[in-house]
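Numbering of residues begins at 1 and proceeds along the displayed sequence. Counting convention: from 1, in listed order, for ligands and their atoms alike. Values in this document were obtained by computation on a predicted structure and should not be read as measured data.
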Amino acid sequence: MSFAVFKALKAAPSSDLIRSARSSLLFLSAVAVLGTLMAVAVGVVALTRTYHALDDAESVARTLQLHMQVDMVHDELRGDVATAATAGPQPDFERHAAQLEAYVRQLEARPLPQPLASEVRQVASSARFYLAAVRQVMHKSGPITAADVLAISDQWRALEGPLDRLTNELHGEVGDAQERGSISYHNGLALLVLALVLITVGLVYAGRSITRTVLATGRQMTAASEAARRAGQSRAEFLAAMSHEIRTPMTGVLGMVDLLAAEQLSPLQRRYVEGMRASGRHLVNVINDILDFTRIESGRLELEQIDFSLPDVLERVRSLVHPLAVERGLALQMKLNPHSPPVLCGDPTRLQQVLLNLTTNAVKFTDQGTVTVTVAHVPQDDAGLRYRFEVRDTGVGIPAERQGELFNAFRQADETISRRFGGSGLGLAISKRLVEAMGGSIGMESAPGRGSLFWFELPVAIGDMGRLGTRGDPDRKPSQPRRILVAEDVEINRQILGTTLRRAGHTLTFAHDGEQAVKLAQEQTFDLVLMDVQMPIMDGIEATRRIRQLPGSNSEIPILALTANVMAQERERYLSAGMDECLTKPIDWDQLFGAIERHTPGGDQPMFRPVPLPVSAGEEQSLLNPAVIESLKEMAGPEVLREWMQTGLSGYERGHAAMSDAGDDPETIALEAHKIKGSGNTLGLPRIGALGARIEAEAKRGVVPEAMLAELQQAITATKARLTALDLL
Ligand code: ADP
């Protein structure tokens, strides 16, 4: 047993504690084994001796028995002679004589130690001598006389002496042998007991040593796990604090950048502002990714189970990825099985996050062609369906040796492309964990140069259309001016919120802390409260609780939390204090305006809007992309935009002329077309951009695409007309 324990300890990871337990156990085991072996050897010797001594005793006892028979028969023979003298020949005489002869022979044959053996030999010869004398008398002719009997008696007495001596010696020898046997027996027994004691002591020591090791290791492990738990807790707290510390100033920076972008700027200044905006957003995305990943890793991911519209989710993904797809001259297609139930139940935010990541990756890593998102389902069980989401691209593909590790954190197959678009290498790791947390699986197929397919499958319950449909009146105007109470202690945040919300037509009242917010909510009527969480005097959570306790309808006012703290348990705390929704800083304006609409009376937008699918951005390109043009106008103002459009269109005309003149020179054509592709997409002129991309692709294959050049000319003319009609040229 101790050997097994020793083996187990040997296999255990080495720490000082285990090493010392191992060596003391080895020493104790060696002592116990040696002691046991010695005791067993001595015990075995003693028991063998006992056995021999008892054997000797038994042999002597058997000799004694024979000897007594000799004694008895020689008596009988003397009686035979005496009786024959008076009553004539004795019939038993020959039998007695034969018996004496046989006994003497047997006595001589006994293996006996000296001097007993010589005593026996002497007795045997005396007995034979006596028997010969008796035979002589019994067989003589004529009657047996008294003198014969006397002579025999003398012979008989001569034999009696050695017989008596031998009797005594044999008795003594039996006693000695028995005593020797008994001593050896007791010695052997004592040694066996000693061996048992040694084994027991060894085992007790080993047991104690192991128990001590186990207890000490247990204590060490408890201490280590406690330290790990504390470290994990501090890490979570550190992350929460860091997220707050980084996000709060970022709110200020990005808000100010937004305000700056709304000013009249020179094109160079605008480029700088755009650079700041892009870097700021990238930083916030990286922080979000890291926080998200840590939250999932530490098991604090909380999934929602709410009714949602799958077409809505797809539409949101499409509208978010579409600008990038257009910019890169790609077609983006979304295909949803038309028989899919309109309302599902699950976590739409997390589903959207995974889909968005896969679709954005597909667009990032594809230079030309199409990105297709396909969603299909099969029945799974009574309550739900199994959905398969596929994102297929015609992009660079991924070499087989990099595929295995892409779902690990911070892994990128091609760091140059990733650097161009930004990315932390966490997107796929987060997606995998989210999909698995939702009970699904994720995977990919890819070959370099042949594009990639990223897919995931999820069990999804069917939702309740009724619950989703009662959220508002689809006919109401989505945007009405609201009276909004903003509780925010940081001056710069008040400025940003003030400028942006007032520009959207809302009326604002500011509170600098929670206490003021409660007072204002009691005295005045508002449509909605935007409540910062961390504020001096009274924080947003307490202020919300107090507003909810106000008398009358003022207590029912919708309250939206604004916080840089994104930890899930924190959000839960805000909601349970009575807040209606939790928005994170830096503020995503679309999200904020959407939330204001949703939570104020008359502002609800229909949550379920059937989306025309498939949606294609490549095949039938419209002339203008209103979203891009609108954002350019917002950024630069109408004057600057007109200038840009003018410059752009003259450039396309020059480019077209250059391509037409290039004749058989596809390289020049590809170069010009490339410029048209980039600028067309940037200016929100997708048809021109897409034609530029197609001409470039053809020219790169060595073909001069004349028909496309004619199409381009038509597109330029049509775009010019449309822009002029819209007063954009
Ligand atoms: P990142 O934030 O860098 O995009 P992801 O985890 O989303 O991180 O992706 C990890 C890496 O996987 C990417 O950097 C890229 O090398 C590779 N990858 C992901 N999707 C594709 C795709 N559709 N085509 C080619 N490579 C891809």
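Using a cutoff of 4.0 Å between basic side-chain nitrogens and carboxylate oxygens, Lys700 and Glu696 are scored as salt-bridged. No salt bridge links Arg271 with Glu274; every basic N to acidic carboxylate O contact stays at or beyond 4.0 Å. Salt-bridge formation is not detected for the pair Arg433/Glu436: no Lys NZ or Arg NE/NH1/NH2 atom is positioned less than 4.0 Å from an Asp or Glu carboxylate oxygen. In this structure, Arg598 pairs ionically with Glu581, as a charged nitrogen and a carboxylate oxygen lie closer than 4.0 Å.
With ligand atoms numbered from 1 in the order given, ligand 1 contributes 5 (P), 6 (O), 7 (O), 9 (O), 10 (C), 12 (O), 19 (C) to contacts under 4.0 Å with heavy atoms of Leu428. Close approach to Lys364 involves these atoms of ligand 1, each under 4.0 Å from a residue heavy atom: 4 (O). Within ligand 1, counting atoms from 1 as listed, the ones closer than 4.0 Å to a heavy atom of Ala362 are 23 (N). Close contacts between ligand 1 and Asn357 involve ligand atoms 7 (O) [criterion: under 4.0 Å to a heavy atom]. Residue Leu426 has at least one heavy-atom neighbour below 4.0 Å for each of these atoms of ligand 1: 6 (O), 8 (O).
Remark: ligand 1 and Gly427 share an N or O pair separated by less than 3.5 Å (distance only, no angle test). Taking any N or O of Phe454, backbone or side chain, none lies under 3.5 Å from an N or O belonging to ligand 1.
Taking the six-membered ring for Trp and thresholds of 30 and 60 degrees, Phe456 and Phe389 have nearly parallel ring planes, at less than 30 degrees apart.
A donor-acceptor pair under 3.5 Å links the side-chain atoms of Asp393 to the main chain of Ser452, judged by distance alone.
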